[in-house]
Number of protein chains: 2
Amino acid sequence: MSQRLDIHNSEVPVVCRSCEARHRGICGALSADQLITLSKHTVKHTLSPEQSVPASRPSSSNYSNILKGIVKLSKMTSDGRQQIVGLQFAPDFLGRPFGSQPEMAAEAVTDVKVCSFPKSLLETLIAQSPELEHKLYEQSLRELDEAREWMLTLGRKSAAEKVASFLYLLATHADPEADLRSDSVAFEIPLKRSDIADFLGLTIETVSRQITKLRQAKVINLTDNRLVEVPNIDRLKALAEVGP
Amino acid sequence: MSQRLDIHNSEVPVVCRSCEARHRGICGALSADQLITLSKHTVKHTLSPEQSVPASRPSSSNYSNILKGIVKLSKMTSDGRQQIVGLQFAPDFLGRPFGSQPEMAAEAVTDVKVCSFPKSLLETLIAQSPELEHKLYEQSLRELDEAREWMLTLGRKSAAEKVASFLYLLATHADPEADLRSDSVAFEIPLKRSDIADFLGLTIETVSRQITKLRQAKVINLTDNRLVEVPNIDRLKALAEVGP
DNA sequence: CGTATGATTGAACGCCGTCAATAAGAGTGG
DNA sequence: CCACTCTTATTGACGGCGTTCAATCATACG
């Protein structure tokens with residue numbers, strides 16, 4: 001036992017030390033003591049693409065933090081048409097605190113690691129520290145902004161503009177300074193075509209055709225159907241045709 | 001000066017007494033003292049349809065509560081295509097706390113009354129009472145649920161289903177028990193056709209045609225283009241064709 | 001090598017947008 | 001009261017965009 005441990009009898013748990021959720025996610029609002037409590041009831045899961053996140057099943061009484069990978073939130077009509085209503089990245093929080101659970105699936109898009117914990121525990125921690133609720137509130141505001149931005153795309157843009165908007169979204173996400181520098185950007189499309197279609201409210205075929213058109217117009221460069229190179233990000237942005 | 005005023009030197013301000021925002025809105029989280037402070041910096045506005053809410057202009061440093069009427073939140077592409085991304089009712093809070101202001105217009109749909117106050121004041125009050133932030137968080141979660149529900153409609157439903165979904169939304173909003181009782185419901189469409197079109201991601205003509213079809217199929221009964229009677233709400237719900 | 005999954009491409013149909021004409025009300029002013 | 005205008009809504013004809021159906025290709029895996 002080190003002296004340090006005697007002086008501070010509460011230190012950040014090992015599992016949390018290099019965790020992104022503690023640096024940029026909601027766990028940043030918690031004290032060392034609270035992290036210890038939380039870590040005792042925590043389970044890590046690894047998910048392959050298409051697997052659903054434990055926390056998303058109504059049966060489960062868990063919430064989760066994404067540690068790695070991408071998770072899609074989607075809704076379905078009774079006859080099977082599907083719409084992706086959100087994409088979440090590390091270190092996002094997954095779950096719907098306070099009451100009503102809207103019908104929604106949460107599935108891994110890439111390989112995903114999550115950190116799950118009981119719902120009741122989060123609610124206890126919220127009661128203790130307002131800063132935790134503040135972090136949750138800020139995430140929900142970000143998600144709301146993204147959802148509304150995407151409603152404009154779903155409701156009012158052509159297929160060509162939708163696909164360009166999607167690629168522009170990925171490009172700027174992969175490289176946050178891309179929209180400033182305006183030269184070449186390269187990234188990987190983490191979704192398969194059917195996910196892109198469900199995200200854009202299109203069919204697989206239309207998505208494929210539009211990507212082909214972008215490639216023929218030299219706006220993008222495709223190598224292996226996933227790896228995209230954008231020589232001039234401003235040309236892509238112009239095709240996305242979004243308001244000022 | 002009455003005795004009462006001496007005993008409780010802080011009473012709920014007159015302007016707040018019968019205000020819905022105090023009963024169901026965010027002001028319910030405030031103490032009498034806080035309400036007094038707030039009411040001193042408060043201005044009420046009356047808006048006609050198409051007028052934009054003061055709080056929505058970036059120049060303004062105000063937030064608002066809706067006291068009466070309906071407000072639409074909308075986004076536009078650079079070439080003028082418009083999409084309504086949210087409808088807000090009394091006693092909703094209007095504004096975007098904490099940083100980035102997404103490009104969005106807020107305009108009255110009906111005759112509207114709002115109660116406006118400085119942004120800085122709200123932030124002070126939030127710091128004082130966590131319960132206020134909790135109310136704001138809950139509203140943003142409701143808005144997020146609604147936005148995602150609507151994304152499914154925008155991305156995956158036909159024009160007929162969109163219009164039916166919209167009318168079903170109004171019917172259940174006008175009469176919350178309508179989906180249980182399943183007999184006749186009557187209500188007024190508070191939006192004009194162009195607003196409905198912008199809400200559904202359609203054109204005015206398509207909206208008009210679909211309403212005509214619903215009327216011919218006796219699913220609804222129109223009198224003055226605004227007044228709707230739904231003889232059997234379940235038939236309408238079936239046409240909205242939404243998931244389980 | 002055979003199968004499964006994902007992606008591309010082609011051909012034809014159909015929904016919904018576009019353009020245009022008409023109608024119905026509301027407000028204004030003579 | 002009527003004439004005029006402006007806004008809002010309805011209806012029709014036509015064409016294009018995106019879906020649907022179907023065939024082909026590429027890659028991974030057993």
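Predicted model only: the values in this text are computed from it and were never measured. Lettering of chains follows the sequences in order, A, B, ..., and the numbering in each one begins at 1. Just so it is clear, the values below take in all heavy atoms, side chains as well, and ignore hydrogens, waters and symmetry mates.
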Within this structure, what is the [atom1]-to-[atom2] distance between [X] and [N], rounded to whole angstrom?
{"X": "A/R81", "N": "C/dC15", "atom1": "CZ", "atom2": "C1'", "result": "13 Å"}
{"X": "B/I189", "N": "D/dT8", "atom1": "CD1", "atom2": "P", "result": "15 Å"}
{"X": "A/L222", "N": "C/dT9", "atom1": "CG", "atom2": "C1'", "result": "15 Å"}
{"X": "A/L214", "N": "C/dT8", "atom1": "CG", "atom2": "P", "result": "12 Å"}
{"X": "B/K213", "N": "C/dC15", "atom1": "NZ", "atom2": "P", "result": "8 Å"}
{"X": "B/K192", "N": "D/dT7", "atom1": "NZ", "atom2": "C1'", "result": "8 Å"}
{"X": "B/D195", "N": "D/dT7", "atom1": "CG", "atom2": "P", "result": "15 Å"}
{"X": "B/R226", "N": "D/dA9", "atom1": "CZ", "atom2": "C1'", "result": "11 Å"}

Original post:
Is the backbone N or O of A/L136 less than 3.5 Å from a side-chain atom of A/Q139, with the two atoms forming a donor-acceptor pair by type?
Top reply: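 No.
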**OP:** Starting at the 5' end of nucleotides 11-25 of chain D, put B wherever the base has a protein heavy atom under 4.0 Å, S where only the sugar-phosphate does, and a dash everywhere else.
**Re:** BBB----SBBBB---
**OP:** For A/D79, check side-chain hydrogen bond (donor to acceptor under 3.5 Å, both in side chains) against everything at least two apart and list the hits.
**Re:**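 A/D79 satisfies side-chain hydrogen bond (donor to acceptor under 3.5 Å, both in side chains) with A/T77, A/R81 only.
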Original post:
Is any NZ, NE, NH1 or NH2 atom of the basic residue among A/E50 and A/K192 found under 4.0 Å from an Asp or Glu carboxylate oxygen of the other?
Top reply: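 Yes.
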Original post:
Would you call B/K68 and B/D111 a salt bridge, using N to O less than 4.0 angstrom?
Top reply: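 No.
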Taking distance alone, no hydrogens or angles, what donor-acceptor pairs closer than 3.5 Å link side-chain atoms of residues 82-95 of chain A to residues at least two apart or in another chain?
residue: A/Q82; atom: NE2; partner: A/S74; partner atom: OG; Å: 3.2
residue: A/Q83; atom: NE2; partner: A/D198; partner atom: O; Å: 3.0
residue: A/Q83; atom: NE2; partner: A/F199; partner atom: O; Å: 3.1
residue: A/Q88; atom: NE2; partner: A/E143; partner atom: OE2; Å: 3.1
residue: A/D92; atom: OD2; partner: A/F89; partner atom: N; Å: 3.1

**OP:** Would you tell me if any nitrogen or oxygen in the side chain of B/N225 comes within less than 4.0 Å of OP1 or OP2 on C/dA24?
**Re:**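 Checking C/dA24 against B/N225, no side-chain N or O comes under 4.0 Å of OP1 or OP2.
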Original post:
Heavy-atom distance under 4.5 Å between the side chains of B/K75 and A/M151, does that happen here?
Top reply: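 No; the side chains remain at least 4.5 Å from each other.
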